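Read through the structure below, which is laid out as structure tokens, and then see the notes.
Because the structure is a prediction, the values reported are computed rather than measured.
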Protein chains: 2
Amino acid sequence: MKFKKLEISEKVIQRLTEYLSILKDVQKYENEINSIELSKIMNTTSAQVRKDLSTFGDFGVRGKGYDISKLIEIIEDILGINKVNNVIIVGHGKMGEMISSNRNVLGKGFQIVGIFDKDKNKIGKVVSDNLEIRDVNGVKEFRENFCGEVDTAILAVVKEQAQFAAEQLVKNGIKAILNMTTYKLELGSDITVVNIDISAKLQELNFWRLNKEEK
Amino acid sequence: MKFKKLEISEKVIQRLTEYLSILKDVQKYENEINSIELSKIMNTTSAQVRKDLSTFGDFGVRGKGYDISKLIEIIEDILGINKVNNVIIVGHGKMGEMISSNRNVLGKGFQIVGIFDKDKNKIGKVVSDNLEIRDVNGVKEFRENFCGEVDTAILAVVKEQAQFAAEQLVKNGIKAILNMTTYKLELGSDITVVNIDISAKLQELNFWRLNKEEK
DNA sequence: TAGATTGTTAATCGATTAACAATC
DNA sequence: TAGATTGTTAATCGATTAACAATC
């Protein structure tokens with residue numbers, strides 16, 4: 001998929017994932033949607049919706065709106081989730097376990113193909129989906145022998161191990177990391193990192209709860 | 001805590017949680033930090049750091065910088081996590097279980113005081129920390145009888161139940177929701193909601209991995 | 001006092017929105 | 001053709017950054 005321009009902001013992509021989620025929901029009841037309707041669900045303006053979508057192409061029909069199932073396909077194509085992307089989980093504590101045992105959590109387009117830990121007591125155990133927990137030192141070998149690309153890792157080790165583990169992954173060819181730890185990774189600019197920090201989000205929530213503007 | 005102005009953007013609060021995390025890390029080695037050093041770790045400018053902090057007050061010393069432990073205390077105060085905030089978990093599937101059994105995940109300032117589910121097979125079970133899984137219909141009663149405020153819920157039900165469950169919580173007095181489901185909640189403007197969507201974040205990661213600008 | 005770094009103003013940059021020509 | 005809604009331009013708004021006076 002080629003885009004008109006590649007100065008795309010993070011916010012556009014974040015909204016794109018939201019559009020997708022909403023469209024899949026609305027699809028149960030409707031076949032078409034226009035930018036006004038979509039903007040209302042999104043709490044934004046219709047101009048925002050049209051601008052966002054037009055970043056990637058002309059998907060609407062003037063006078064009518066957007067075909068929902070077509071738009072879903074397009075967004076899935078943009079996000080690269082209309083095919084299977086292989087991911088490995090690194091760190092099989094409570095978080096890693098939750099992810100590996102919860103088929104739904106990753107959503108469409110992602111498949112867990114390997115689980116790694118450094119704990120000798122865990123290595124060798126077979127967990128959900130017939131995946132064996134492997135030694136984290138074997139990531140390189142695993143990637144080389146795997147039939148297909150494995151570029152993405154979900155980092156679910158303890159905070160203290162995050163930087164070291166991430167560096168190892170990068171050395172072994174991993175290109176993208178979903179960082180589930182609280183640690184702010186410092187990696188080369190060729191590595192893509194996205195962070196999920198539950199405690200930080202809870203702090204944000206707490207701030208807004210305490211500072212709700214009275215209107 | 002009173003602020004100079006209350007037109008505070010979401011981004012400022014997000015960065016505030018990052019500053020806090022970094023400061024706690026740097027505190028192991030240093031007592032003081034200046035805006036330049038902090039900006040380098042944050043991948044931003046020193047002006048950004050000073051501007052962000054000055055939103056809340058004058059915490060630095062000209063010619064020197066910021067006292068780390070003082071700044072940590074201040075940010076914790078701003079975020080309201082220097083005291084214990086009670087939270088309940090609603091939905092005790094894989095996600096709720098991960099959170100309730102993982103003391104570290106919520107971080108400083110938060111305490112799980114109740115766990116709720118609608119599944120009769122789960123209700124009554126005692127899980128980690130001597131908390132009993134309660135019937136989700138008993139949230140109101142629980143809040144009224146609890147010695148202390150319970151305003152915050154972590155919503156960890158399945159997507160299909162998210163909107164209904166959230167509405168019930170709001171009816172029963174909950175004011176802030178950390179939404180761990182993929183569903184975009186539609187609630188009154190007096191309710192504070194922050195979303196964590198693992199699959200959406202993975203989609204973002206996948207987009208950037210596939211569209212890494214070649215430099 | 002001289003050197004350093006803050007807090008803040010003003011300039012710049014980027015993102016959102018209003019408005020409308022294009023077109024189904 | 002008339003009505004509706006897109007895609008896009010230009011105007012507005014807000015966030016970031018450069019620059020510097022204030023001051024430790």
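- Atom-to-atom, NZ of A/K11 to P of D/dG14 comes out at 12 Å; the value is rounded to the nearest Å.
- The interatomic distance linking A/K40 (NZ) with C/dT17 (P) rounds to 15 Å, in whole Å.
- In this structure, A/Q48 atom CD and D/dC13 atom P are separated by 16 Å, rounded to whole Å.
- Pairing of C/dA4, defined by two Watson-Crick or G-U wobble distances under 3.5 Å, is identified with D/dT23.
- Looking only at atom types and distance, the side chain of B/E167 has a donor-acceptor partner in the side chain of B/Q163 under 3.5 Å away.
- Going from atom CG of B/L53 over to atom P of C/dT5 covers 16 Å, rounded to whole Å.
- For D/dT6, the base has a donor-acceptor partner in the side chain of A/R62 [N/O atoms by modelled type, under 3.5 angstrom].
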Going through the distances and angles, do A/K108 and A/K24 end up as a side chain to side chain contact (heavy atoms under 4.5 Å, CB included)?
CA-CA 12 Å; A/K108 183 178 176 181; A/K24 285 191 170 182; 4.0 Å; yes
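- Nucleotide C/dT8 holds its C1' atom 16 Å from the CZ atom of B/F56, rounded to whole Å.
- With distances taken from any side-chain atom of B/T45 to the nucleotides D/dT8, C/dG7, D/dT17, the minimum falls on D/dT17.
- Remark: C1' of D/dT23 and CZ of B/R50 are 14 Å apart, rounded to the nearest angstrom.
- Searching all strands for a Watson-Crick or G-U wobble partner of D/dG14 with both distances below 3.5 Å returns C/dC13.
- Spacing between atom CG of A/N34 and atom C1' of D/dT5 amounts to 7 Å, rounded to whole angstrom units.
- Here the closest non-hydrogen pair linking A/S101 and A/S128 is CA-OG, 3.5 Å.
- Of the candidates D/dT16, C/dT8, C/dA19, the closest approach to any side-chain atom of B/S54 belongs to C/dT8.
- Comparing D/dA15, D/dT5, C/dT16 by their nearest atom to the side chain of B/S9 picks out D/dA15.
- At the phosphate of C/dT16, OP1 or OP2 sits under 4.0 Å from a side-chain N or O atom of A/R15.
- Heavy-atom minimum distance, B/V150 versus B/I174: O-CD1, 3.7 Å.
- In this entry the distance linking CE of A/M42 with P of C/dT17 reads 11 Å, nearest Å.
- Residue B/S35 has no polar side-chain atom (N or O) positioned under 4.0 Å from OP1 or OP2 of C/dT5.
- Between A/T44 and the phosphate of C/dT17, there is a side-chain N or O to OP1/OP2 separation shorter than 4.0 Å.
- Taking a cutoff of 4.0 Å between a charged side-chain nitrogen and a carboxylate oxygen, A/E204 and A/K201 qualify as a salt bridge.
- Listed nucleotides: D/dG7, C/dT6, C/dT17. Nearest to the side chain of A/Y66: D/dG7.
- For the pair A/D151/B/R209, a side-chain contact is recorded, criterion being any heavy-atom separation below 4.5 Å from C-beta on.
- Listed candidates were C/dG7, C/dT6, C/dT16. Nearest to the side chain of B/D58 is C/dG7.
- Looking at the side chain of A/A47, the nearest of the listed nucleotides D/dT5, C/dA18, C/dG7 is C/dA18.
- Each of B/I33 and A/E10 lies near DNA chain C, and the nucleotide nearest B/I33 is the one positioned closer to the 5' end.
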